[in-house]
Each structure stands twice: as structure tokens, then as C-alpha cells.
Amino acid sequence: MRSLQDLPMPFAARHLLSPLLLALLAACGSTAPTAVRQAPAPAAPAAAPQPAPAAVSGSFADNPIVYFVVTDRFENGNPGNDNSYGRSREASAREDVGTFHGGDLKGLTHKLRQGWFKELGVNALWITAPYEQIHGWVVGGNKEFKHYAYHGYYALDYTVLDRSMGTPDELRELVDTAHAQGIRVLFDVVLNHPGYLDIRTAQDLGVKVLWPNAENATLRNYHSFIDYNNFAFGDWWGRDWVRAGLPGYIDGGRDDLTSQLAYLPDFRTDSTEPVKLPKFLRSKPDTKAVDLPNTTVRGYLVKWLTDWVREYGIDGFRADTVKHVEPAAWAELKAEAVKALADWKTRNPARKIDDAPFWMVGEYWGHGPERGKLHDAGFDAMINFDFQERAGQYAQPEKLFAEYAKLQAGKPAQMLNYISSHDTRLSDRTRLIESGAALLLAPGAVQIYYGDETARPAGPVPGSDPQQATRSDMNWASADAAVLAHWRKLGSFRARHVALARGEHQKLSDAPYTFARVDRASGDAVVVAMNAAGAASLPVGTAFAEGQAVRDAYSGTTAIVRNGSVVLQGAGPYVLLERAPAGLR
């Protein structure tokens with residue numbers, strides 16, 4: 001007979017049965033029984049019910065809260081880079097509307113460190129394109145102002161930073177500081193066009209298309225100093241790269257893909273022909289651009305833009321003028337950016353936020369909240385132009401919320417909603433309490449435009465270019481404290497609850513208007529009331545269980561669900577109910 005140690009039993013069973021076997025052996029001398037019935041394992045104790053988490057933020061793709069900032073108009077962190085390339089400001093506010101005002105990457109980092117974005121619940125910072133822009137100005141509007149490229153849409157060299165924005169070290173510091181707070185950095189990018197050839201840039205690059213004394217040009221006579229019939233324009237981007245209607249170039253077409261938007265040179269991203277660097281880039285001393293073998297215009301642009309991702313860990317792009325570039329180009333940009341970010345994260349594991357893939361949102365003029373064919377061309381989301389047009393529903397948003405929830409429930413965010421934009425208009429500055437609530441409680445993704453949270457006033461309004469007024473300097477000295485406190489409460493609440501972005505929506509009450517949003521996949525749930533006043537009894541539907549402790553994130557008070565409702569004293573004007581954190585009753 002084999003010894004006890006030789007019995008073919010699992011380790012756990014041996015230890016469970018050894019007392020019983022020893023007792024049998026003791027009773028029967030040295031003879032062990034021929035068979036031993038295995039004792040049943042003790043039943044595991046029933047697991048105590050665990051309280052649901054107080055917050056389920058979801059992945060970034062499920063719940064993006066994007067802060068869009070025109071970097072030049074936000075915070076001047078390094079005055080030493082002001083007036084780069086000889087840029088200057090104008091004496092009056094009306095004449096100064098289109099100049100560089102001094103905001104830079106260092107300023108953004110300063111505000112990150114102060115917690116400005118974190119307190120709003122922001123998880124992505126969309127910044128205007130920081131790569132090098134044209135150096136000088138062009139005629140703005142109807143000869144109303146000097147229009148510089150402070151907004152980042154008049155690119156000159158995609159491979160280096162614009163000196164007005166900062167240095168490579170300052171960009172790296174910005175990204176690292178943002179990542180440490182769980183905030184992604186998104187670049188605004190343009191595939192459709194570079195900038196105009198302005199007088200200052202032509203002088204700096206040695207493109208000999210100017211008449212004598214061009215540096216003395218004014219708004220009235222600017223174009224008279226440029227020889228638009230001069231074939232020396234070929235030393236600029238050149239025929240192989242852009243459509244421009246200049247000597248030796250191909251004229252712009254008549255369709256969305258080949259026309260010249262605002263007379264800007266149109267990149268030939270549709271061309272299948274390999275190209276060499278334009279002459280001006282080949283001669284430019286500080287560029288990182290080099291000839292790439294067998295590469296098209298599209299290939300160069302994709303390489304240049306994704307190099308920022310591979311070098312600095314840029315997390316996403318906001319793509320400008322999507323309508324004017326073929327979908328295949330956007331798909332290629334996204335695919336290469338995904339590879340570039342994965343590569344950066346592999347090389348920089350301590351500096352990444354997580355392993356989420358590169359994220360891209362597009363601006364296609366007039367696109368609504370629905371998922372469209374461009375989502376399959378590389379875009380995770382599209383800017384939703386419909387939301388701003390429905391401002392009349394912000395005070396009573398049930399129809400708006402219900403429609404959007406049907407499109408978004410259970411899905412990653414496909415729409416990026418906004419109430420103000422640099423390309424349209426600012427939301428009514430007297431109604432930012434209700435419009436902020438509508439935006440930050442809506443299904444989908446959120447874009448906060450800088451200064452919506454502080455009631456930043458519009459700037460001077462050029463008659464022929466009113467959008468310039470939407471890009472005024474951030475009003476640090478005159479921020480509306482009540483609006484800011486309201487936006488911070490709503491933004492941080494949204495950041496904790498993916499249910500707001502992708503949950504199923506249910507109206508619970510008309511007076512006060514109350515709704516529930518529940519995300520079945522994660523179990524996250526919220527109940528929100530608008531225009532509640534004083535003592536309020538609010539239904540919670542199936543969002544919270546009977547006896548559940550809940551917290552109103554707006555007032556900080558707690559209550560217990562009784563008979564399907566909660567009673568709050570001194571509620572309002574908004575109630576933001578979430579499960580109370582453990583230990584808070």
C-alpha cells in the first residue's frame with residue numbers, strides 16, 4: 001500500500017482530507033481503508049454586496065471633454081518670443097484684431113499647472129497648429145486689418161515650431177504636464193492648403209516676386225507690390241505641390257476637392273506622382289524637411305504631421321476643412337498617426353496616459369450629429385454643427401437630449417458638440433448658465449471653447465470678417481465668477497460619468513425637468529434636474545436602488561432614495577445626482 005504522501009490527490013484535497021485519514025489510520029492500525037470518500041469542500045461564504053462606484057468616467061473615446069484654445073489669445077507665458085519674425089501689434093484694438101497677441105505653449109503649461117483645465121473636467125486640450133506659419137500679414141477683410149497667421153491656418157513649414165509658439169522643450173513640457181493630469185493634447189492640422197505668400201515671407205525666403213519698397217505696403221496698396229505675373233513664384237511651393245492660379249501653376253478647380261478655399265493654394269493631395277521638396281524648403285536653413293524617395297504630396301504631409309506624434313506623443317488631431325480633402329488622405333493620416341503614437345508610447349511608457357489609440361475629429365462644414373461615411377475614413381468623431389443651431393432648445397432640452405441619446409447610447413462618442421466656435425459665433429454671453437448646462441449634459445462629446453466658462457466678451461467686429469471677434473483675448477481679469485463656478489461643477493460631474501455621454505436617456509419629470517441617464521455596460525447612472533428650486537422631491541426611476549445613498553454634486557448635499565424619490569432641501573437651480581462615495585452618507 002502506498003503511503004499517505006503518495007495518494008494521487010490534488011494538493012488542496014490532500015490538506016483537506018489529511019485529518020480524516022489520520023483518524024482512520026489510527027483506528028485501524030497500519031491498514032488503511034481501500035477507499036476513502038472525499039469530504040465535500042466547505043461552501044464559500046456569500047459575497048457581501050459591494051456598493052456601485054460613485055463615478056465611472058469611461059474611456060476617453062467614450063467621454064471626450066475637449067477644451068479648444070486659440071493659443072495666441074490665451075496666456076503669454078514667455079514674452080521673449082513675442083514679435084518673432086518681425087511681427088508687430090497695432091495701436092488700436094480694431095486694427096489689432098488680426099495680429100499675434102503673445103499667447104504661447106508656455107502659457108498653456110502655466111494654466112495646466114494652476115489646474116485650470118482639470119477643474120473643468122477637461123480630458124483633452126485642442127490647440128491651434130503650433131508649427132511655423134507665414135511670417136507676415138495679408139490684407140484682412142475688406143482692407144480692414146492686417147491678418148497674420150495667429151490662428152495656425154497659414155502654414156509655411158510643417159516640420160518646425162513657430163517661434164511665437166515656443167521651443168521644442170516647451171512643447172515637450174506642455175505634453176508631459178498635460179499627460180500627468182490625464183489630459184490629452186490634440187493638434188489642429190490642415191491637409192488642404194498652406195498659407196499665402198505674404199510680403200514678409202517672400203523677403204525672408206528670397207522668393208523674388210516683389211516690387212521695390214514692398215516693405216512699405218499698406219492695407220490699401222498691398223497687392224500692388226507683388227508681381228503676380230512673375231514666374232519666380234515657382235520658387236515657392238511650385239506646380240507639383242499646389243494649385244494656385246499663378247504663373248506656371250495649375251489653376252484651382254470648381255469642386256470641393258480641387259478648388260482654392262479663400263484663394264489659398266490648394267495642396268495636390270490627390271496626385272499620385274512623386275515629388276521633390278519645393279525650392280524654398282530646400283533652401284530654408286532651419287527646416288527639418290528632406291526629400292523622401294518615391295513620395296507624393298500627400299505622403300510628405302502625412303509624414304510631417306505624424307512626426308509630431310512620434311516625437312512628442314501628441315494624442316490626436318482636429319482636422320480642418322475635411323470637406324476639401326479626399327477621404328483616402330484622411331484615412332492614411334489616421335493610420336500613420338496610430339502607428340506613430342503606438343511607437344511613442346512603447347518608447348515612453350512612463351510619459352503616456354494609457355494605451356488608447358490615436359484619436360481624430362474632423363471639421364466638415366454643416367455636419368450634424370449622425371454617424372456618416374467619414375467616420376469610416378479615419379474619424380472617431382465629427383464636429384456637430386447642429387448643436388449650436390439649436391440654442392433655442394437649451395432651456396428646455398428634452399427633445400435635443402432624447403434625439404442625441406438615440407444616436408449615441410452604448411457607443412463611443414461620434415459627435416463633438418459646441419456652443420461657440422472660432423469659425424461661427426460666440427454663444428449668447430448672457431445665457432451661459434443654461435447653454436453651459438445644455439452642452440455639458442448632452443449625449444456625445446463636448447467641446448468647450450476658451451472663455452465660454454468665463455463669459456469672455458467678443459472682440460472688435462470687422463464688418464467683412466465677423467469671425468475675428470470670436471477670437472478675443474482670454475478675460476483673466478474679468479472672468480464671471482458665477483459662470484465659472486457653474487461650468488466647473490458641471491464639467492467635473494461629466495468627467496466622472498460616462499452615462500452622460502453614452503447612456504440611455506429617460507425623462508422622469510416635467511416640473512422640474514428631470515432625466516436619468518444609465519450606461520448599461522458599466523452600470524454608471526445619473527439623475528439630473530434643471531430649474532429646481534428650494535425643497536424638491538425628485539424621482540430617480542430605475543437609476544438608483546431603494547435605500548441608495550446619493551449625492552448632489554451641485555450643492556454637495558446627500559439624500560437616501562425612498563419610494564423611488566429623493567428629497568433635497570435648498571435644491572437648485574441644478575441637481576446632479578450620483579451614487580454617494582463609500583463612507584459618505
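For reference, positions follow the sequence shown, starting with 1. Given the structure is predicted, the values throughout are model-derived calculations rather than measurements.
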### Message
Pair E453, L120 - check side-chain contact (heavy atoms from CB on, under 4.5 Å), show working.
### Response
CA-CA 9 Å; E453 79 276 28; L120 285 166; 3.8 Å; yes
### Task
Test the R471-Y150 pair against the cation-pi criterion, namely NZ or CZ under 6.0 angstrom from the six-membered ring centroid and within 45° of the ring axis.
no
### Spacing of CD belonging to E75 relative to CG belonging to L105, to within rounding of 0.5 Å
12.5 Å
### Ring geometry between F68 and W126 (parallel below 30°, tilted from 30 to 60°, perpendicular above 60°)
parallel
### Query
Parallel, tilted or perpendicular: which describes the rings of F187 and W308, with under 30° parallel and over 60° perpendicular?
tilted
#### Entry: is_close_aromatic(H179, W344), centroid dist under 6.0 Å
yes
### Message
Using the ring centroid of each side chain, check whether F387 and Y394 are separated by less than 6.0 Å.
### Response
yes
#### Entry: Partner of T306 under side-chain contact (heavy atoms from CB on, under 4.5 Å), chosen from E311, E332, E336
E336
### Message
Using modelled atom types and a 3.5 Å cut-off, is there a donor and acceptor pairing between side-chain atoms of T454 and backbone atoms of A479?
### Response
no
### Summary
With sequence neighbours left out, the residues meeting ring pair (Phe, Tyr, Trp, His ring centres under 6.0 Å) with Y154 are H147, H151, Y196
### Message
Does either side chain, that of T258 or that of D255, offer a donor lying less than 3.5 Å from an acceptor on the other one?
### Response
yes
### F317 ring center near F358 ring center (under 6.0 Å)
yes
### Query
Cation-pi between R243 and F267: NZ/CZ under 6.0 Å from ring centre and within 45° of the ring axis?
no
### Query
Where the side chain of K106 meets the backbone of G166, is there a donor-acceptor pair that is under 3.5 Å apart?
no
### Task
Would you please test L374 and V322 for side-chain contact (heavy atoms from CB on, under 4.5 Å) and show each step?
CA-CA 9 Å; L374 286 163; V322 168; 3.9 Å; yes
#### Entry: Separation of D286 CG from D157 CG (nearest 0.5 Å)
6.5 Å
### Query
Is a donor on one side and an acceptor on the other found under 3.5 Å between the side chain of R456 and the backbone of M474?
no
### Message
Donor-acceptor pair, distance only, cut-off 3.5 Å: does the side chain of N230 make one with the backbone of V209?
### Response
no
### Message
Could you check whether H193 and D266, counting side-chain N and O atoms only, form a donor-acceptor pair closer than 3.5 Å?
### Response
no
### Query
Does any donor atom in the side chain of D204 or H135 lie under 3.5 Å from an acceptor atom in the other side chain?
yes
#### Entry: Side-chain (R282) to main-chain (L277) donor-acceptor, under 3.5 angstrom
yes
### Task
Keeping the roles fixed (side chain from E144, backbone from G463), state whether a donor-acceptor pair exists under 3.5 Å.
yes
### Message
Tell me whether R200 forms a cation-pi arrangement with Y85, defined as NZ or CZ under 6.0 Å from the six-membered ring centre and within 45 degrees of its axis.
### Response
no
### Query
Would a line drawn from the ring center of F74 to the ring center of W476 be shorter than 6.0 Å?
yes
## Note on the structure
Scanning both residues in full, the closest heavy-atom pair of G152 with A129 reads O-CB, 3.4 Å
### Summary
Sorted by chain and residue number, the side-chain hydrogen bond (donor to acceptor under 3.5 Å, both in side chains) partners of D235 (sequence neighbours excluded) come out as none
### Message
Under a 3.5 Å distance rule, please check whether W241 uses its side chain to pair with a backbone N or O of K276 as donor and acceptor.
### Response
yes
### Task
State, without any angle test, whether N78 and D104 hold a side-chain donor-acceptor pair at a distance under 3.5 Å.
no
### Ring-face cation of R488 near W116 (centre distance under 6.0 Å, axis angle within 45°)
yes
#### Entry: Between T99 and R87: side-chain donor-acceptor atoms closer than 3.5 Å
no
### Query
Between T128 and T71, is any side-chain donor less than 3.5 angstrom from a side-chain acceptor?
yes
### Task
Answer with yes or no whether the side chains of E95 and S92 bring together a donor and an acceptor at under 3.5 Å.
yes
### Query
Just wondering, do Q181 and L112 contact through their side chains at under 4.5 Å, heavy atoms?
yes
### Message
Which label fits W137 and Y222: parallel for a plane angle under 30°, tilted from 30 to 60°, or perpendicular past 60°?
### Response
tilted
### Task
Could you tell me whether the side chains of T321 and E363 share a donor-acceptor contact shorter than 3.5 Å?
no
#### Entry: Donor-acceptor under 3.5 Å (S283 side chain, F280 main chain)
no
